[in-house]
Engineer: 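The structure follows.
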Amino acid sequence: MQIFDKKKMKAAVLYGPTDLHIEEVDIPEIKPDEVLIRVRAIGICPSDVRSYLGIYKRQMYPWGKESYGLSGHEWCGDIVKVGEAVKDFSVGDRVVPEIIVPCGSCKYCGMGFTHLCKNKGNITRGYAEYAKSPAKALFKLPNNVSFIEAAFSEPIAVCLHANDIISAKPGQTVLIIGGGPMGLIHVQVTKLSGAQVIVSEVVESRLKMAKDFGADITLNPAKEDMARIVKDQTGGYGADAVIVATGSKAAIESAFKAVRSAGTIVLFGGTYPPANIEVDPNIIHYGEINVTGSYDHVPHHIERGLKLLEMKKLNVEKLVSNTFPLEQLKDGFELVKSGYALKVQVKP
Ligand SMILES: [Zn+2]
Ligand SMILES: [Zn+2]
């Protein structure tokens, strides 16, 4: 077996808002139960861009070399080194990490809500040539799943989580507000449940993609009456479920006009800057509307996402609008910030 003896690698380090540098850093040391992975693809998550811009209220990843200052969690790659206690993985295995490391002992972990764990850690730092992970957090990639696809494991898992919450049934109607990368994954996942899918989005090119991915009806709320169209499609009742895949206050408020009584509204996106929404509470009370959030995922969502990719039930490669080398990560962040891209990937 070839010995991996490289000591240095390139990694992105954030020193302060937009103060991003690609630097030579030490390759992480691995513990006996960990593996070192050559990062092959990483998707830029909007949360990374918020870290880059410094607009989180608390800086989740302290700036500077200590933590790289960025999350960088949508990554995958192949193993180059395994710790001596690792049994189930070997050099060359193509893998994706489960990025959430739950404590296993808090109340939420006990309830199976590992994504809400009070003391969770994260396997991050994907904006680098190499990254490490405990072996127990890894999933092997099916042979027919590319690194480009596998870098969507986390976004897909997060969408599957929301899909579990609405539990859409064949013949029901689901309204998806927002046709960005996540909205377009929601379209594909929701279609698999056999529901009618309506997508509301202001960018025409995204509406076209939503159609290509199987949306039954697309509409532009800047030009059309969203609630009217949804009601027309549902015998006047409204959607069985609404997934709000954007953090916009107006979009969230509009969901209440389009959902049926006893239907479900899932708030899927964070709102930045934070905003208060205005809703007549009578709509929720008399309509028995279920309003819930959906955030992150638990491990079986990663497993199911990989199975869907293996079965060719999802087309995520088409969602990649741009790919940059690590050296141009800053351009990638700026492009995501501009709102003109779909999924931007980086190849370290
Ligand atoms: Zn993400
Ligand atoms: Zn916990």
Side-chain angles (χ1 to χ4, degrees), residues 43 45-51 55-62 67 70-75 96-126 133-139 152-168 174 176-178 180-183 185-186 189-190 193 241-249 251-252 255 263-277 279 284 289-308:
C45 179
S47 64
D48 293 328
V49 178
R50 291 197 279 272
S51 292
I55 59 177
Y56 273 127
K57 218 166 41 193
R58 82 193 151 90
Q59 190 58 28
M60 305 166 91
Y61 302 91
S67 76
L70 291 163
S71 154
H73 55 273
E74 296 181 10
W75 60 274
V96 64
E98 160 56 272
I99 59 155
I100 300 168
V101 187
C103 76
S105 55
C106 75
K107 176 173 176 155
Y108 297 122
C109 282
M111 294 167 84
F113 300 145
T114 47
H115 60 306
L116 300 177
C117 170
K118 286 289 250 182
N119 318 300
K120 73 177 165 186
N122 289 89
I123 296 168
T124 55
R125 298 189 177 196
S133 166
K136 66 173 185 203
L138 292 174
F139 291 90
F152 281 90
S153 298
E154 190 260 358
I156 293 169
V158 174
C159 291
L160 287 171
H161 179 204
N163 194 257
D164 284 356
I165 290 171
I166 63 170
S167 65
V174 176
I176 297 164
I177 303 180
M182 297 307 264
I185 295 173
H186 275 305
V189 167
T190 310
S193 64
V242 182
I243 298 171
V244 190
T246 156
S248 142
K249 165 181 155 74
I252 295 168
T264 301
I265 296 173
V266 178
L267 304 187
F268 182 80
T271 299
Y272 292 91
N276 294 326
I277 56 165
V279 178
I284 300 172
I289 311 294
N290 305 294
V291 183
T292 181
S294 176
Y295 163 69
D296 238 320
H297 66 279
V298 295
H300 73 82
H301 293 123
I302 296 275
E303 204 176 314
R304 287 163 53 196
L306 288 173
K307 180 49 89 176
L308 289 173

Engineer: Could you tell me whether a side-chain N or O of K120 sits under 3.5 Å from a main-chain N or O of H115, the two making a donor and an acceptor?
Structural biologist: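 Judged by distance alone, yes, a pair lies under 3.5 Å.
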Engineer: Got a sec: does the NZ of K249 have more than 12 other heavy atoms crowding it under 6.0 Å?
Structural biologist: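 Enclosed: over 12 neighbouring heavy atoms sit under 6.0 Å from NZ of K249.
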Engineer: side-chain contact (heavy atoms from CB on, under 4.5 Å) between T114 and L116: does it pass, once the steps are laid out?
Structural biologist: CA-CA 5 Å; T114 47; L116 300 177; over 6 Å; no
Engineer: To the nearest 0.5 angstrom, please state how far the CG atom of L267 sits from the CD1 atom of I277.
Structural biologist: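 It comes to 6.5 Å.
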Engineer: I156 and G305: which non-hydrogen atoms are nearest, and at how many Å?
Structural biologist: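 Heavy atoms of I156 and G305 come nearest at CG2-CA, 3.8 Å.
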Engineer: Evaluate the side-chain contact (heavy atoms from CB on, under 4.5 Å) criterion for residues L160 and L308: first the C-alpha distance (whole Å), next the side-chain angles of each, then the deciding distance (0.1 Å), finally the verdict.
Structural biologist: CA-CA 11 Å; L160 287 171; L308 289 173; 3.9 Å; yes
Engineer: Rounded to the nearest 0.5 Å, what separation is found between the CZ atom of R304 and the CG atom of D164?
Structural biologist: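 One gets 4.0 Å once the value is rounded to the nearest 0.5 Å.
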Engineer: Is there a side-chain contact between L306 and S153 in this structure, where contact means two heavy atoms from C-beta onward sitting under 4.5 Å apart?
Structural biologist: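 Of all side-chain heavy-atom pairs linking S153 with L306, at least one is under 4.5 Å.
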Engineer: Of all the heavy-atom pairs spanning V298 and G112, show the shortest one and how long it is.
Structural biologist: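 In this case the closest contact between V298 and G112 is CG1-O, 3.6 Å.
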Engineer: Restricting to salt bridge (Lys or Arg N to Asp or Glu O under 4.0 Å), what partner residues turn up for E74, sequence neighbours left out?
Structural biologist: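 Residues passing salt bridge (Lys or Arg N to Asp or Glu O under 4.0 Å) with E74: K343.
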Engineer: If you take all heavy atoms of I165 and G293, which pair is closest and at what distance?
Structural biologist: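 The answer is CD1-O, 3.7 Å.
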Engineer: Any donor-acceptor pair under 3.5 Å linking the side chain of S67 with the backbone of P62?
Structural biologist: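 Pair found, side chain donor or acceptor close to backbone of P62.
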Engineer: Roughly how far, to the nearest 0.5 Å, is CG of N163 from NE2 of H186?
Structural biologist: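 If we round to the nearest 0.5 Å, H186:NE2 and N163:CG are 8.0 Å apart.
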Engineer: Closest heavy-atom contact between P155 and I185?
Structural biologist: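 That closest heavy-atom pairing would be CB-CD1, 3.9 Å.
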Engineer: Please tell me if the side chains of I99 and H297 come closer than 4.5 Å, counting only heavy atoms from C-beta onward.
Structural biologist: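 I99 vs H297: side chains touch.
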Engineer: Mind listing the closest non-hydrogen atom pair of D48 and L70 along with its distance?
Structural biologist: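 Reported closest heavy-atom pair: O-CD2, 3.8 Å.
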Engineer: Taking Y295's backbone N and O only, do any of them form a donor-acceptor pair with H161's side chain (distance below 3.5 Å, no angle check)?
Structural biologist: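 Yes.
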Engineer: Strictly distance-based, threshold 3.5 Å: is any side-chain N or O of N290 a donor or acceptor partner for the main-chain N or O of G263?
Structural biologist: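 Yes, N290 side chain to G263 backbone: donor-acceptor pair under 3.5 Å.
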Engineer: Side-chain contact, heavy-atom cut-off 4.5 Å: D296 with E154?
Structural biologist: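 Touching, per the 4.5 Å side-chain cut-off.
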Engineer: Output the distance between atom CD1 (I176) and atom CE (M182), rounded to the nearest 0.5 Å.
Structural biologist: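 It is 12.0 Å, given to the nearest 0.5 Å.
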Engineer: Can you confirm whether more than 12 heavy atoms, excluding those of Y108, are under 6.0 Å from its OH atom?
Structural biologist: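 No, not enclosed.
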Engineer: Calculate, to the nearest 0.5 Å, the distance between atoms SG and NE2 belonging to C45 and H73 respectively.
Structural biologist: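 Taking SG in C45 and NE2 in H73, the distance rounds to 3.5 Å.
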Engineer: Do W75 and P97 come close enough that some side-chain heavy atom pair is under 4.5 Å?
Structural biologist: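 They are in side-chain contact.
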Engineer: Measure the spacing between SG of C106 and CE of M111 and express it to the nearest 0.5 Å.
Structural biologist: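 Spacing of SG (C106) from CE (M111) equals 10.0 Å.
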Engineer: To check you understand the geometry: which heavy-atom pair defines the closest contact between C103 and N119, and what is its length?
Structural biologist: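 Closest heavy-atom pair between C103 and N119: SG-ND2, 3.4 Å.
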